[in-house]
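Please read the structure below before turning to the comments.
Side-chain atoms are counted along with the backbone in the values below, which use heavy atoms only and exclude waters and symmetry mates. In what follows, chains carry the letters A, B, and so on, assigned in the order in which the sequence lines appear, proteins first and then strands, with residues in each chain numbered from 1.
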Amino acid sequence: MEYKDTLNLPQTDFPMKADLARREPDMLKWWEENSIYAKLREVAQGRPTFILADGPPYANGAIHLGHSINKVLKDVVVKSRTLDGYDAPYVPGWDCHGLPIEHQIEKARGKEVKSLDARAFRQACREYAMEQVNIQREDFKRLGVMGDWDRPYMTMQPRYEAEQLRAFARIWRNGHVYKGLKPVHWCLDCRSALAEAEVEYEDKNSPAIDVRFAVKDTADLAKRFGAQGSSASRASLVIWTTTPWTLPANQAVALGADIKYSLIDTGSELLVLASELAEAVLKRADVTDSKVLAQAAGSALEGLLLAHPFYERAVPVILGEHVTLDAGTGAVHTAPGHGHEDYVVGLKYKLKIDNPVGSDGRFVAGTPLFEGERVFDANKHVIEVLKERGALLHEETLRHSYPHCWRHKTPVIFRATAQWFISMEQKGLRQSALREIGKVKWMPGWGERRIGNMIADRPDWVISRQRTWGVPIALFTHKATGEAHPRSADLLDQVATLVEKDGIDAWADLDPAKLLGAEAEQYEKVTDIMDVWFDSGVMHHCVTQARPEITAPADLYLEGSDQHRGWFHSSLLTSAAMYDRAPYRAVLTHGFTIDEKGRKMSKSLGNVIVPQKVFNSLGADVLRLWIAATDYSNEMSLSDEILKRVAESYRRIRNTARFLLGNLAGFDPATDAMALDDLVAVDRWALWRTQQLQEEVVAAYRDYQFHLIYQKVHNFCSVDLGGFYLDVLKDRLYTTPAKSAARRSAQTAMYWIAEAMARWIAPILSFTGEEIWRHLSPTTAAGKRGQSVFFETWAQFPQGAAVRPTVDWDAILELRSAVAREIERLRNSGAIGASLDAEVDLYCAPALLQTLKPFGEELRFVFITSGARVHPSEGRPAEAAPAQEDESNAAWILVRPTEAAKCVRCWHKRPDVGQSTKHPELCGRCVTNIETAGEVRKYT
RNA sequence: GGGUCUGUAGCUCAGUUGGUCAGAGCGCACCCCUGAUAAGGGUGAGGUCGGAGGUUCAAAUCCUCCCAGACCCA
């Protein structure tokens with residue numbers, strides 16, 4: 001028992017049990033109280049910068065897993081770049097305006113909202129958004145994300161809002177903005193536009209009518225069908241609609257290019273119908289006798305002119321992809337002012353966006369036949385008119401799903417209203433954006449195709465919203481012409497100055513005369529606000545203007561892959577519109593979370609995992625490790641089982657660190673570290689391996705391949721260290737004198753491993769990395785240890801560490817596992833328990849013999865056996881087991897139980913136990929280690 | 001329906017421009033240790049590389065189709 005006291009066993013306060021959920025908050029407090037982020041900025045000052053621009057999450061609701069992934073990945077990037085020698089500031093942001101927040105206020109206040117004026121409503125939104133920011137901020141911090149949390153950017157900050165107006169002014173000056181018409185959902189009761197989210201679908205009864213659109217030139221029709229002339233005097237295309245009141249705004253009839261149409265003779269007239277639907281249409285129109293004269297694809301009829309059923313207007317046949325054979329006639333009445341698809345196809349054919357309906361839902365003055373009528377009431381009248389003109393083929397009532405206002409529960413209409421657009425074409429914005437896409441590094445590479453297709457296909461950007469909570473489109477329009485003021489850009493800048501002082505209310509409160517003087521009489525303020533995608537999209541301008549540490553273009557944007565349509569997209573367009581360049585040099589995307597079965601997480605499936613639950617039980621570091629370990633370029637699956645696995649991996653890494661720390665107790669690198677050339681060979685190897693691995697780890701960080709880092713570091717802990725190096729090292733660490741060269745050599749290698757590993761894991765396992773850092777010696781090889789691991793750069797190994805050792809360790813490791821197999825066989829036979837119960841004879845081919853010979857007495861430590869001898873392979877006993885495929889390193893192994901007595905100190909079974917009269921229970925080696933400065937080790 | 005992707009052992013990932021067996025770690029099973037101990041070590045069993053065709057002397061790696069899944073549109 002007393003001899004145990006002569007051993008150097010591990011000693012450390014670094015707990016095996018991480019207890020992360022409880023301990024991490026203490027670390028957060030320490031980071032905060034010691035202003036680690038602020039100090040880091042000072043430490044990193046003057047280094048080359050790396051700018052990660054933070055895409056602002058929307059300030060509504062608790063953070064979910066997706067937020068966590070995004071923020072943690074950003075944090076890993078920022079921290080790894082910092083350790084890589086960059087100055088990488090991180091200014092987090094929030095997206096604060098917009099409809100969802102308005103809805104939250106409405107929901108919370110109910111009817112009280114109606115009594116709020118716009119100013120009070122905005123104030124309520126502002127307060128709500130701020131609360132949400134605070135909630136989210138706490139969770140982001142809890143995840144261990146390091147950044148300027150005390151000074152984030154928020155799109156509702158007056159400075160940001162002002163810069164946004166300046167950005168808009170710049171885009172205006174560059175000629176990208178125009179005013180146009182676009183149909184939007186319109187509630188007759190709200191008398192305002194509704195967003196998609198404010199529309200719900202309910203059943204409604206509508207008149208469903210089949211209407212004749214007479215062909216102007218029947219000869220042309222016949223020619224297109226390749227049919228002979230017919231006696232029938234009248235030919236018509238038949239459309240089907242459930243909104244008769246939109247017929248006054250009709251501008252075209254759309255057909256499907258690839259749909260087959262039949263020219264049908266009913267005896268009294270010719271009708272054109274989709275072949276597939278003809279029978280059904282004729283049946284409901286009570287046409288009993290008919291024959292098909294000819295058939296043609298829709299594409300053959302493009303451009304055919306038709307007569308509007310009750311106005312003196314010729315309308316063309318056009319082709320649209322939205323035409324289907326689900327119902328109707330295969331011919332779609334097209335009123336670009338009253339339907340989204342009609343609008344889109346109308347743009348293509350440059351159709352007039354006619355809007356005869358006022359905001360009150362009545363036909364405007366000057367509308368022939370229907371002036372002043374309410375649209376839904378007008379249905380009846382329209383049908384009457386159609387009847388009178390002989391255009392009505394059939395009428396019935398249809399119950400169908402129809403959009404309703406979610407507040408009033410009343411049917412809504414599509415109504416063209418004036419909107420502000422950013423044009424993709426008029427100043428070459430599309431071209432500019434597409435060109436810039438090619439200059440950006442997209443990771444993964446397919447992101448370029450994805451966003452490229454979107455930019456290539458997208459229509460002009462509608463930036464106006466008829467809403468309250470947002471940055472105003474601060475334009476003055478002429479009361480008579482509707483045109484924007486000729487000095488709009490300058491006026492926008494002036495408004496920006498006001499907004500910078502008083503926020504967006506400054507626009508609402510503004511007396512036009514203040515800026516326009518006498519002209520004010522002729523102008524009115526636009527009350528629209530901007531699309532929130534514009535808000536966040538100009539972050540590259542707003543934040544760089546307000547924060548000197550953030551510059552544009554950014555080195556990296558990092559968001560979920562949905563942002564190809566979102567923030568990457570809006571940022572690219574605004575930046576191209578303002579500066580004719582992309583706002584980013586590189587874009588990295590991650591996938592979404594799914595469960596282990598590959599399904600997305602949803603409440604209905606009950607497979608949702610919330611980050612709060614994870615960091616309050618397993619700890620943020622475990623969640624961070626999962627994020628880092630997962631290949632985020634695809635979907636990321638998470639389940640309780642996966643978390644369990646990750647937690648186990650975490651423990652392996654942690655315990656490896658603990659073992660290193662425990663054996664480094666009392667080791668002062670400044671005085672105790674040994675020179676590279678004096679290291680025991682295996683320690684030299686360990687240092688080399690560590691150096692090699694660091695190169696791989698650093699390269700993986702630079703490539704954002706974090707999951708490889710996890711694999712490599714974990715493998716290093718399990719295989720190189722646990723499975724070999726540290727296992728072998730134990731004997732030397734424990735049994736040689738504390739200050740002996742043999743032990744100091746081991747500690748020198750372990751010291752460097754610990755120094756390196758703390759840094760490797762710090763960007764990912766930030767809490768644990770910092771915890772290890774604190775348990776490392778207060779002094780380092782270079783001087784005094786810094787306050788935080790994040791102030792460091794990668795470990796600088798001693799000169800020469802990268803030089804590959806001359807000993808063939810690969811061969812030895814292979815041999816070692818062959819020996820282990822033989823030992824296992826012996827163990828399973830019951831002859832031995834521990835490997836120290838065995839001794840091994842090795843019969844080696846020449847090359848291996850060369851490698852092993854120098855080890856001499858130290859060879860047994862490699863196998864952790866009590867004895868190990870090498871012999872030439874010639875004359876090997878028959879029972880020796882063959883091992884090693886490599887011929888030059890071939891070996892035959894013979895393992896057997898040792899007869900010798902066990903040394904009570906080192907547990908090796910040695911023949912020299914008992915030779916010392918002073919220490920009869922010890923082996924010779926232990927006597928040396930107790931009585932002298934210690935044994936000499938050269939190899940292991 | 002369209003655009004962009006993904007599918008290798010129970011889990012997480014490797015598999016360079018098609019030609020040595022399809023590999024690693026974890027988990028699992030069994031064993032050992034009890035001086036890293038709610039730790040550590042060893043051995044071992046697990047995959048027809050989503051499915052079906054095709055190109056090729058040769059395919060997890062190329063092509064087609066199908067199935068399942070993700071994101072964004074319609």
Using a heavy-atom cut-off of 4.0 Å across all strands, would you classify [X] as base, sugar-phosphate, or nothing?
| X | result |
| --- | --- |
| N828(A) | sugar-phosphate |
| R645(A) | base |
| L7(A) | base |
| V904(A) | base |
| T630(A) | sugar-phosphate |
| S633(A) | nothing |
| G566(A) | nothing |
| V646(A) | nothing |
| G662(A) | nothing |

For the pair made of [atom1] in [X] and [atom2] in [N], what is the distance, rounded to whole Å?
| X | N | atom1 | atom2 | answer |
| --- | --- | --- | --- | --- |
| K730(A) | rC33(B) | NZ | P | 14 Å |
| Q711(A) | rU12(B) | CD | C1' | 6 Å |
| R652(A) | rU37(B) | CZ | P | 13 Å |
| I642(A) | rC26(B) | CD1 | P | 18 Å |
| N607(A) | rA70(B) | CG | C1' | 13 Å |
| Q11(A) | rG35(B) | CD | C1' | 13 Å |
| L733(A) | rG35(B) | CG | P | 16 Å |
| F568(A) | rG3(B) | CZ | P | 22 Å |

Subject >> salt_bridge(R774(A), E771(A)) N-O dist < 4.0 Å >> reply: no
Original post:
Is any side-chain N of the basic residue among E839(A) and R910(A) closer than 4.0 Å to the acidic one's carboxylate O?
Top reply: no
Answer with yes or no after comparing the ring centroid distance for [X] and [Y] against a 6.0 Å cut-off, counting only values under it.
| X | Y | answer |
| --- | --- | --- |
| Y3(A) | H919(A) | yes |
| F414(A) | H338(A) | no |
| Y557(A) | W567(A) | yes |
| F716(A) | W760(A) | yes |

Nearest-neighbour nucleotide for the [X] side chain, [options] considered:
| X | options | value |
| --- | --- | --- |
| N634(A) | rC33(B), rU6(B), rC26(B) | rU6(B) |
| E641(A) | rG42(B), rG10(B), rC13(B) | rG10(B) |
| K4(A) | rA14(B), rU6(B), rG35(B) | rG35(B) |
| W446(A) | rC13(B), rC26(B), rU4(B) | rU4(B) |
| T735(A) | rG35(B), rG25(B), rG27(B) | rG35(B) |
| L9(A) | rC72(B), rG35(B), rG25(B) | rG35(B) |
| P10(A) | rA39(B), rG44(B), rA36(B) | rA36(B) |
| L708(A) | rC32(B), rU43(B), rA14(B) | rA14(B) |

Original post:
Considering only heavy atoms, which members of residues 450-461 of chain A lie under 4.0 Å from some atom of RNA chain B?
Top reply: R450(A), N453(A), M454(A)
Below 4.0 angstrom from OP1 or OP2 of [N], is there any side-chain N or O of [X]?
| X | N | result |
| --- | --- | --- |
| H564(A) | rG3(B) | no |
| Y3(A) | rG35(B) | no |
| S561(A) | rA70(B) | no |
| K600(A) | rC71(B) | yes |
| R658(A) | rU37(B) | yes |

Distance, [atom1] atom - from [M] to [N], rounded to whole angstrom:
| N | M | atom1 | value |
| --- | --- | --- | --- |
| rC49(B) | rU61(B) | P | 9 Å |
| rU4(B) | rA14(B) | C1' | 25 Å |
| rG50(B) | rC11(B) | P | 14 Å |
| rG1(B) | rA9(B) | C1' | 37 Å |
| rG2(B) | rA58(B) | P | 34 Å |
| rG10(B) | rG46(B) | P | 12 Å |
| rU20(B) | rA39(B) | P | 42 Å |
| rU8(B) | rC13(B) | P | 10 Å |

**OP:** On RNA chain B, check which nucleotide each of A629(A) and W907(A) is closest to and give me the residue with the more 5' one.
**Re:** A629(A)
Subject >> Closest-nucleotide 5' rank along RNA chain B - winner of Q563(A) and F659(A) >> reply: F659(A)
Original post:
Can you find a side-chain donor-acceptor pair between N663(A) and Y734(A) that sits under 3.5 Å?
Top reply: no
Original post:
Strictly by modelled atom types, are T736(A) and N929(A) linked by a side-chain donor-acceptor pair under 3.5 Å?
Top reply: no
Subject >> Nearest heavy-atom neighbours spanning A758(A) and L776(A) >> reply: CB-CD1, 4.4 Å
Subject >> Closest non-hydrogen atom pair between R816(A) and D727(A), with its separation >> reply: NH2-OD2, 3.9 Å
Original post:
Checking R937(A) against F861(A): charged group under 6.0 Å from the ring centre and within 45 degrees of the axis?
Top reply: yes
